[in-house]
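So that the names make sense, note that chain A is the first sequence line, chain B the second, and so on, each numbered from 1.
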Number of protein chains: 2
Amino acid sequence: MTTIGLRERKKRKTRIALIDAALDLFLTQGYDITTVDQVAAAVDVSPRTFFRYFASKEEVALSTCRDGQEIFLRALCSRPGEESPYQAVTQAMRVTLAALREGDPDDAQRLAKVRRLIDATPSLAAGLMCMINKGDRQLTEEVARRRGTDTDDLRTQFVVSILNTLLRVCFEHGSPDLAPLSERMERILAIAEECLRPGWDR
Amino acid sequence: MTTIGLRERKKRKTRIALIDAALDLFLTQGYDITTVDQVAAAVDVSPRTFFRYFASKEEVALSTCRDGQEIFLRALCSRPGEESPYQAVTQAMRVTLAALREGDPDDAQRLAKVRRLIDATPSLAAGLMCMINKGDRQLTEEVARRRGTDTDDLRTQFVVSILNTLLRVCFEHGSPDLAPLSERMERILAIAEECLRPGWDR
DNA sequence: TAACTTATGTCACCTCATGACAGATGACAA
DNA sequence: TTGTCATCTGTCATGAGGTGACATAAGTTA
């Protein structure tokens with residue numbers, strides 16, 4: 001049986017509706033001149049309610065990315081413990097892309113929209129970057145665990161930063177489409193392996 | 001002769017005064033609850049005038065860092081052309097730290113305050129990171145020039161990201177003091193050289 | 001149905017940020 | 001010194017982002 005009731009279903013529906021309305025308005029009019037009121041009105045909801053779903057205008061724009069990030073972080077945590085930090089991260093990246101390819105097409109669609117939006121909106125690009133780096137703490141713990149150090153270890157922090165770099169380069173300037181994104185990622189990883197000494201992440 | 005007139009001097013003075021007042025208020029009360037009006041009042045200036053000097057509350061908080069960044073970027077551009085991207089960046093970092101050590105002690109003092117402030121204020125930490133990455137375009141051009149590629153080159157972008165990583169790791173979690181900062185930087189660079197293959201940035 | 005929990009709307013309020021306009025002040029030439 | 005000009009500044013008005021308080025409506029559970 002589905003344990004979720006009508007209330008929960010409604011909540012998810014308005015959340016999605018807010019995201020979609022916001023994305024469409026942002027893309028057609030521009031992010032900056034679109035007001036929260038307009039987004040709320042498009043979904044027939046009070047502005048106050050908007051802020052109960054999203055803490056800020058930026059959050060609604062980037063929520064899809066955040067969801068993707070969480071998929072990635074979960075994938076990362078469930079990688080086998082023998083994998084080195086680099087292996088675990090790259091595999092988790094591949095898993096995330098695969099999940100996206102096989103999941104709800106609407107989600108992929110939304111992600112494509114967000115990507116177009118971010119490319120047209122510098123402040124959102126900055127926000128996305130910050131978001132990626134927010135995952136640092138979890139990433140740091142995961143790397144520290146795999147390297148057998150604590151999170152203060154300078155080398156661990158260095159490894160984390162490099163991995164973060166890979167994540168950023170792969171995902172920040174991508175095409176909206178999934179296949180080229182995947183290809184781009186593999187090229188980046190090849191470059192990384194050319195540049196880094198074997199065992200650098202151990 | 002000094003070519004700057006009274007007007008220019010006054011402008012610089014209020015700018016500095018605004019920065020110092022803002023930093024002190026932010027540190028004593030907290031960044032978030034301090035209003036622009038308070039900062040303006042502390043310098044006996046209208047709030048409107050504040051916004052003629054700084055585009056935002058964040059800008060006044062991070063202005064000292066931005067100044068430092070500009071010193072760094074100028075130092076980078078004037079490095080000899082034979083240096084590899086990595087050499088040029090690391091030397092520019094050292095030059096920047098040296099300039100700070102030998103420059104106006106007030107500036108170093110301000111920088112220390114900013115650091116304490118950033119450590120206590122996540123949103124500013126995010127802002128700082130974004131600022132650092134804003135320097136990317138210039139950094140990318142410099143790296144592309146030294147590698148003899150154009151700025152779209154994937155490997156160039158990778159090199160830029162790694163260098164950016166170094167910058168971040170060195171400057172973001174530092175002690176307020178200058179000497180330990182310098183030492184930390186050297187340790188990070190040593191780690192980087194352990195991890196990266198010779199010639200990785202060529 | 002009754003009692004509860006929770007989502008929502010309304011209202012009020014604050015801060016950030018910007019445009020328009022007028023007055024004050026420094027810069028500069030005659 | 002004086003007059004003109006550019007520019008800095010203050011005042012006022014406006015709009016958007018964001019939040020707290022409280023009542024109400026709706027879903028949930030007994």
Side-chain angles (χ1 to χ4, degrees), chain A residues 1-19 21-23 25-26 28-63 66 117 121-124 126-127 130-131, chain B residues 1-19 21-23 25-26 28-63 66 117 121-124 126-127 130-131:
Chain A
M1 66 177 268
T2 60
T3 175
I4 74 168
L6 172 58
R7 177 175 277 161
E8 186 62 22
R9 268 177 289 147
K10 269 182 119 171
K11 257 177 65 175
R12 296 193 190 177
K13 229 162 99 178
T14 52
R15 188 186 134 90
I16 296 287
L18 282 170
I19 293 174
L23 251 38
L25 283 170
F26 293 162
T28 54
Q29 311 184 340
Y31 173 76
D32 291 318
I33 65 169
T34 303
T35 68
V36 170
D37 287 27
Q38 289 178 311
V39 176
V43 187
D44 224 38
V45 141
S46 87
R48 188 68 185 85
T49 293
F50 173 93
F51 284 108
R52 290 203 179 90
Y53 281 86
F54 302 99
S56 65
K57 206 166 88 165
E58 189 177 285
E59 191 176 301
V60 70
L62 297 181
S63 60
R66 174 169 298 282
L117 177 60
T121 317
S123 70
L124 282 181
C130 295
M131 207 198 70
Chain B
M1 66 177 268
T2 61
T3 175
I4 75 169
L6 172 56
R7 175 172 278 160
E8 186 61 23
R9 268 177 289 146
K10 268 183 121 172
K11 257 176 66 176
R12 296 192 189 180
K13 227 163 101 177
T14 51
R15 189 185 133 88
I16 295 287
L18 281 171
I19 293 174
L23 252 37
L25 283 171
F26 292 162
T28 54
Q29 311 183 342
Y31 174 77
D32 291 318
I33 65 169
T34 302
T35 68
V36 171
D37 289 26
Q38 289 177 313
V39 176
V43 186
D44 224 38
V45 141
S46 87
R48 188 69 186 84
T49 293
F50 173 92
F51 284 109
R52 291 201 179 90
Y53 281 86
F54 301 98
S56 64
K57 206 167 88 166
E58 189 178 285
E59 191 175 301
V60 71
L62 297 181
S63 60
R66 173 169 298 283
L117 178 59
T121 318
S123 71
L124 281 182
C130 294
M131 206 198 70

Inset, instruction - Examine distances only and state if a side-chain atom of Gln38(A) and a backbone atom of Thr35(A) form a donor-acceptor pair shorter than 3.5 Å. - result: yes

Legend entry - Close side-chain approach of Lys11(A) to Glu8(A), heavy-atom, < 4.5 Å: yes

Legend entry - Val60(B) and Phe26(B), any side-chain heavy atoms less than 4.5 Å apart: yes

Inset, instruction - Between Arg9(B) and Ile33(B), just flag the one whose closest nucleotide in DNA chain C comes earlier from the 5' side. - result: Ile33(B)

Legend entry - Heavy-atom check, side chain of Ser63(A) versus side chain of Arg15(A), under 4.5 Å: yes

Legend entry - Under 3.5 Å side-chain donor-acceptor pair for Tyr53(B) and Thr14(B): yes

Inset, instruction - Answer yes or no: is there a side-chain heavy-atom contact under 4.5 Å between Arg9(A) and Leu6(A)? - result: yes

Pick out the pairs of N or O atoms, protein on one side and nucleotides 6-9 of chain C on the other, that lie under 3.5 Å.
unit_1: dT6(C); atom_1: O4'; unit_2: Arg7(A); atom_2: NH1; d: 3.2
unit_1: dA7(C); atom_1: OP1; unit_2: Lys11(A); atom_2: NZ; d: 3.0
unit_1: dT8(C); atom_1: OP1; unit_2: Tyr53(A); atom_2: OH; d: 2.8
unit_1: dT8(C); atom_1: OP2; unit_2: Tyr53(A); atom_2: OH; d: 3.0
unit_1: dG9(C); atom_1: OP2; unit_2: Ser46(A); atom_2: N; d: 3.0
unit_1: dG9(C); atom_1: OP2; unit_2: Ser46(A); atom_2: OG; d: 3.1
unit_1: dG9(C); atom_1: OP2; unit_2: Thr49(A); atom_2: OG1; d: 2.2
unit_1: dG9(C); atom_1: N7; unit_2: Arg52(A); atom_2: NH1; d: 3.3
unit_1: dG9(C); atom_1: O6; unit_2: Arg52(A); atom_2: NH2; d: 2.6

Inset, instruction - Determine yes or no for a side-chain-to-main-chain donor-acceptor pair under 3.5 angstrom, with Lys57(A) supplying the side chain and Thr34(A) the backbone. - result: yes

Inset, instruction - Nearest whole angstrom, please: distance from the C1' of dA17(C) to the CG of Asp32(A). - result: 13 Å

Legend entry - Pairwise side-chain contact, Arg52(A) with Thr49(A), heavy-atom cut-off 4.5 Å (strictly under): yes

Inset, instruction - Walking along DNA chain D from 5' to 3', note the first and the last nucleotide with an atom under 4.0 Å from a heavy atom of chain A, and give both. - result: dA16(D) to dT28(D)

